[in-house]
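Inspection log for the structure reproduced underneath, given as structure tokens.
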Amino acid sequence: MSTRVVVVDNNRIARRGCIDFLADDPTIMIVGDLDHDQALARKDWGGVDVVIVDAADERRRDDHYPGVAVVEAIRRSRSPDETRIIVLTARYFDSGLRRRMREAQADRFYNRFELECEPRRLLEATLGPDLEDNGDLDVTPDEMASLTSLGVTRDSRVNDAIAFSKTAQLDEILADHAKGLPRRAMIALRRRFNEVAQLDPINVATGERPRRDIPDTHHLPSVKQIARFLQVTQKVDDPPSSQNTP
């Protein structure tokens, strides 16, 4: 029986190269050739054994990692036992991306530069889910150290926090904060955000727990921390303004 594969990548040339290489193997059937938006619009992932997803698209202004949403969309209808998801990325060492893909329930996570140098490894990963080839998504010490500086703990929900920020248009609100939004409204928004995100309050300048004597804010991440968290986890180039933040 053939392994039915969908390839998702916004770079048409890279996508075609991956497809042409895999299609040379007689045991693989390419059943999808999509960019990120097409993948998100796809309703039926039934009959797909493996999806190969490129994580990033640096041309996007709001979130450089549309591949995360693709993985989440697939997982809403297909379990890992039904469809394996292999992530390729040039941002292999990005701790925020690694955390986001683990939360989205990707199965394997690879440095695309290494696989381009050894394309046979991509074929082996596609056909062999149990190979010990450094494609796992286990938590690493470097990842935890990096994310701890953002207030992320094992209990935090990074993807849910990013989804909340988009729904609430949080980037725009943070950018306007220095213009004098009502303090109580901002505290309420920080509280709603952290009910979802579950971040530990961190002083982003020192990496230490902030010293706050105000009872209603001591347990909440500051505007500056939230802005930094969103900038790093989405790899956007221009973080929201966070001057004069509480």
Side-chain angles (χ1 to χ4, degrees), residues 1-60 63-140 143 159:
M1 179 181 292
S2 297
T3 299
R4 297 159 296 186
V5 177
V6 173
V7 178
V8 180
D9 195 322
N10 269 19
N11 186 315
R12 182 177 58 83
I13 295 174
R15 190 168 75 238
R16 177 48 54 187
C18 179
I19 289 170
D20 289 347
F21 173 75
L22 292 175
D24 283 341
D25 189 287
T27 67
I28 289 179
M29 179 187 298
I30 303 297
V31 296
D33 172 2
L34 309 171
D35 63 26
H36 290 114
D37 289 336
Q38 291 169 333
L40 287 172
R42 180 168 178 148
K43 302 300 183 184
D44 184 9
W45 291 93
V48 179
D49 300 308
V50 179
V51 185
I52 299 172
V53 181
D54 179 62
D57 182 359
E58 287 80 5
R59 296 169 298 179
R60 300 196 179 219
D63 188 346
H64 283 185
Y65 297 135
V68 175
V70 172
V71 175
E72 290 179 321
I74 297 168
R75 281 289 171 255
R76 281 194 282 271
S77 63
R78 302 288 288 178
S79 72
D81 290 336
E82 295 171 316
T83 300
R84 284 189 295 115
I85 303 176
I86 297 172
V87 175
L88 307 181
T89 181
R91 300 282 185 86
Y92 178 76
F93 297 102
D94 186 298
S95 296
L97 173 60
R98 188 180 187 90
R99 172 63 178 259
R100 292 184 65 185
M101 282 300 184
R102 188 168 58 252
E103 287 188 8
Q105 298 185 59
D107 294 290
R108 309 296 285 173
F109 187 79
Y110 293 98
N111 186 335
R112 71 175 307 142
F113 293 140
E114 290 186 1
L115 266 61
E116 286 170 355
C117 293
E118 299 181 63
R120 190 78 189 171
R121 288 182 58 200
L122 176 59
L123 178 60
E124 293 172 348
T126 303
L127 295 175
D130 297 322
L131 296 180
E132 295 182 2
D133 53 7
N134 298 320
D136 64 76
L137 268 166
D138 294 341
V139 182
T140 66
E143 176 188 341
N159 289 340

Salt-bridge contact [X]-[Y] (side-chain N to carboxylate O under 4.0 Å):
X      : Y      : value
Asp107 : Arg75  : yes
Arg98  : Asp136 : yes
Glu103 : Arg99  : yes

Minimum heavy-atom distance between Ala104 and Glu72, given as atom pair plus value: CB-CG, 3.7 Å

Considering all heavy atoms, the nearest Pro26-Ser2 contact: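 Here Pro26 and Ser2 meet closest at O-OG, 4.3 Å.
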
Full working for side chain to side chain contact (heavy atoms under 4.5 Å, CB included) between Leu34 and Arg42: CA-CA 9 Å; Leu34 309 171; Arg42 180 168 178 148; 4.1 Å; yes

Pair Ser79-Asp81, side-chain donor/acceptor within less than 3.5 Å: no

Donor on one side chain, acceptor on other, Tyr65 and Arg91, under 3.5 Å: yes

Side-chain donor/acceptor of Arg102 to backbone N/O of Leu137, under 3.5 Å: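 Pair found, side chain donor or acceptor close to backbone of Leu137.
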
Check: Gly47 main-chain N/O paired with Arg4 side-chain donor or acceptor under 3.5 Å: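 Yes; at least one donor-acceptor contact below 3.5 Å.
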
Student check: side-chain heavy atoms of Val68 and Asp63 closer than 4.5 Å: no

Student check: side-chain heavy atoms of Asp33 and Val7 closer than 4.5 Å: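 They are not in side-chain contact.
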
Check against side chain to side chain contact (heavy atoms under 4.5 Å, CB included), Asp54 and Asn11: CA-CA 9 Å; Asp54 179 62; Asn11 186 315; over 6 Å; no

Ring pair (Phe, Tyr, Trp, His ring centres under 6.0 Å) between Phe109 and Tyr92, worked out: CA-CA 8 Å; Phe109 187 79; Tyr92 178 76; 5.5 Å; yes

